[in-house]
Protein chains: 2
Amino acid sequence: MKLSTRGDYATRVLLELCTAEGPRPVSVTDLANRTAISQKYLEQIMGQLRSAGIVRSERGLHGGYELAREPDGLTVGEVIRIMDGPLAPSPCASRSAHVPCPAYRCAVEESCVMRSLWLEVRDAIAEVLDRTTFGDLTRRQQSSLALSRAMYHI
Amino acid sequence: MKLSTRGDYATRVLLELCTAEGPRPVSVTDLANRTAISQKYLEQIMGQLRSAGIVRSERGLHGGYELAREPDGLTVGEVIRIMDGPLAPSPCASRSAHVPCPAYRCAVEESCVMRSLWLEVRDAIAEVLDRTTFGDLTRRQQSSLALSRAMYHI
DNA sequence: TGAATCCCTATCGAATTAGTAGGATTATCA
DNA sequence: TGATAATCCTACTAATTCGATAGGGATTCA
Ligand code: FES
Ligand code: FES
């Protein structure tokens, strides 16, 4: 049930975009440096996020990327689906992009016991990822930052 | 968050072993025919399940495989972990086989916002898979079978 | 002895993943 | 206007994983 680097990197970068201080938009060079991701690889990822309408870009000097949506309206689930495809462990258990299992394996999909289990798993994953927004993550990061600052000053 | 064919096949075969009628133990040839899985590939999978103590084998003529444990004491989560490794989306979020993230990406693991989210996801998956036993699946299959038989006789 | 079975290991092709590379286009600013 | 810094686009590639195949050895029993 592993996450690909694309999903991983995309979420990291978006969180960075949420919390970034300094001039907007942020260039890929900056983003790559701050997140320790290969710049050229990150360019591709940002392109994909742009065509999905998650970020918007400005070209030319002082160009870069910024969020195209409110952090509170952008869920992690949406981003993961864009980068890695459906959340379901099995294509037959996807609600967003259903693909049936080969007929000779599972005669009737509706009564397939394994499928109903994979559906449960899919729903459990989706419940977490579709309720968590980048606004949530941003606030969590800020409060954990405040906590560590307080610790430091004791 | 895809399941590999090994995890998929292993669960199918174990469910087949739970519900199989006829002589025990069941040969790989039979199992492969009933589940439409390549016989040689299935041999490898059964070997792995055997060394993990999930099934026991008998060699020689009339040999084959049978469950080594009570279906009600065997969870799907255990099987998936054996075949596919940890359930967590990220190695740093695994409780059974934790591996830290590269330090230059996430300075302090305990305060990493992404990791806490992957932990939530891992726990959501584990909750479903660790509470579902092959006994449960067997009963579900039997009741769905009984239902379809009833439908047929209407 | 011979047939059916598990057991072990090596190999292999295809697909996917992760990353590189090179250059075209666009905007800014001195 | 020209240098520069940025996005954008596409092709390529190296590495890994996945799914499966292959061959043969060991074991059991009729
Ligand atoms: S229908 Fe997909 S697992 Fe049975
Ligand atoms: S510690 Fe693993 S994602 Fe941050």
Side-chain angles (χ1 to χ4, degrees), chain A residues 1-10 12-13 17 22-68 80 82-86 89-91 102 105, chain B residues 1-10 12-13 17 22-33 35-68 80 83-86 89-91 102 105:
Chain A
M1 322 290 271
K2 296 291 159 292
L3 196 67
S4 76
T5 57
R6 299 178 73 85
D8 182 12
Y9 292 175
R12 282 172 200 271
V13 164
L17 272 185
R24 307 295 182 86
V26 188
S27 74
V28 168
T29 309
D30 281 1
L31 287 174
N33 289 338
R34 291 182 208 170
T35 54
I37 299 172
S38 144
Q39 175 168 339
K40 278 299 203 176
Y41 193 31
L42 191 50
E43 270 186 27
Q44 293 175 38
I45 292 170
M46 296 313 292
Q48 201 170 340
L49 289 174
R50 182 185 47 79
S51 32
I54 306 295
V55 296
R56 89 167 60 90
S57 65
E58 269 174 42
R59 307 181 66 168
L61 195 59
H62 308 311
Y65 290 95
E66 60 191 343
L67 280 184
I80 299 292
I82 289 166
M83 305 308 294
D84 286 9
S90 163
R105 288 245 163 82
Chain B
M1 323 287 272
K2 294 291 159 290
L3 194 68
S4 75
T5 57
R6 301 179 71 86
D8 183 11
Y9 291 175
R12 281 173 200 271
V13 163
L17 272 185
R24 307 294 182 88
V26 188
S27 73
V28 168
T29 309
D30 281 1
L31 287 174
N33 289 338
T35 53
I37 299 172
S38 144
Q39 175 168 339
K40 277 300 204 178
Y41 193 33
L42 191 51
E43 271 186 27
Q44 294 175 39
I45 292 170
M46 295 314 291
Q48 202 170 340
L49 290 174
R50 182 185 48 78
S51 32
I54 306 294
V55 297
R56 88 168 61 89
S57 65
E58 271 175 42
R59 307 180 67 170
L61 195 58
H62 308 312
Y65 290 94
E66 60 190 343
L67 281 185
I80 298 292
M83 304 308 295
D84 286 9
S90 162
R105 288 245 163 80

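Letters A, B, ... mirror the listed sequences (proteins, then strands); counts begin at 1. Not measured: the values here are computed from a predicted model.
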Within the sub-3.5 Å range, which N or O atoms of nucleotides 25-30 of chain C have a protein N or O partner, and how far apart are they?
residue, atom, partner, partner atom, Å
C:dT25, O2, A:R59, NH2, 2.9

Partners passing side-chain hydrogen bond (donor to acceptor under 3.5 Å, both in side chains) against [X] (at least two apart in sequence or in another chain):
X: B:T29; result: B:Q39
X: B:D84; result: B:S4
X: A:Q48; result: A:R6

May I ask you to evaluate whether [X] reaches the phosphate of [N], defined as a side-chain N or O under 4.0 Å from OP1 or OP2?
X: A:Y9; N: C:dT17; value: no
X: A:S38; N: C:dT20; value: yes
X: B:T29; N: C:dA4; value: no

Side chain to side chain contact (heavy atoms under 4.5 Å, CB included) with [X]: which residues, sequence neighbours excluded?
X: B:S38; result: B:K40, B:Y41
X: B:P102; result: B:Y104, B:R105
X: A:A52; result: A:I54, A:I82

I'd like the 5' and 3' limits of the part of DNA chain D contacted by chain A, with heavy-atom contacts below 4.0 Å.
D:dA5 to D:dA11
Send over the distance from [X] [atom1] to [N] [atom2], rounded to a whole Å.
X: A:I37; N: C:dT17; atom1: CD1; atom2: P; result: 17 Å
X: B:R56; N: C:dC7; atom1: CZ; atom2: P; result: 13 Å
X: B:Q39; N: C:dC7; atom1: CD; atom2: C1'; result: 13 Å
X: A:K40; N: C:dT17; atom1: NZ; atom2: P; result: 22 Å

For the atom pair [atom1] ([X]) and [atom2] ([Y]), what is the distance rounded to the nearest 0.5 Å?
X: A:K2; Y: B:M1; atom1: NZ; atom2: CE; result: 9.0 Å
X: B:L42; Y: B:M46; atom1: CG; atom2: CE; result: 6.0 Å
X: B:L17; Y: B:R24; atom1: CG; atom2: CZ; result: 7.0 Å

Please examine the side chains of B:I37 and B:T5, heavy atoms only from C-beta on, and report whether any two atoms are closer than 4.5 Å.
no
For B:R12, enumerate each residue passing the salt bridge (Lys or Arg N to Asp or Glu O under 4.0 Å) test, keeping only those at least two apart in sequence or located in another chain.
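By the salt bridge (Lys or Arg N to Asp or Glu O under 4.0 Å) rule, B:R12 matches B:D8.
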What pairs of residues pass the side chain to side chain donor-acceptor pair (under 3.5 Å) test when at least one of them lies in residues 49-64 of chain B, not counting sequence neighbours?
B:R56-B:E66
Considering all heavy atoms of both residues, which atom of B:G63 and which atom of B:P25 are nearest to each other, and what is their separation?
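Answer, listing the atom of B:G63 first, then B:P25: C-CG, 3.8 Å.
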Inter-end axis angle, the helix from C:dT1-D:dA30 to C:dA30-D:dT1, with every axis fitted to five base pairs (rounded, 10 degrees)
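About 0°, once rounded to a multiple of 10°.
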With a 4.0 Å heavy-atom cut-off, tell me which residues in residues 41-50 of chain B come close to DNA chain C, sorted by residue number.
B:E43, B:Q44, B:R50
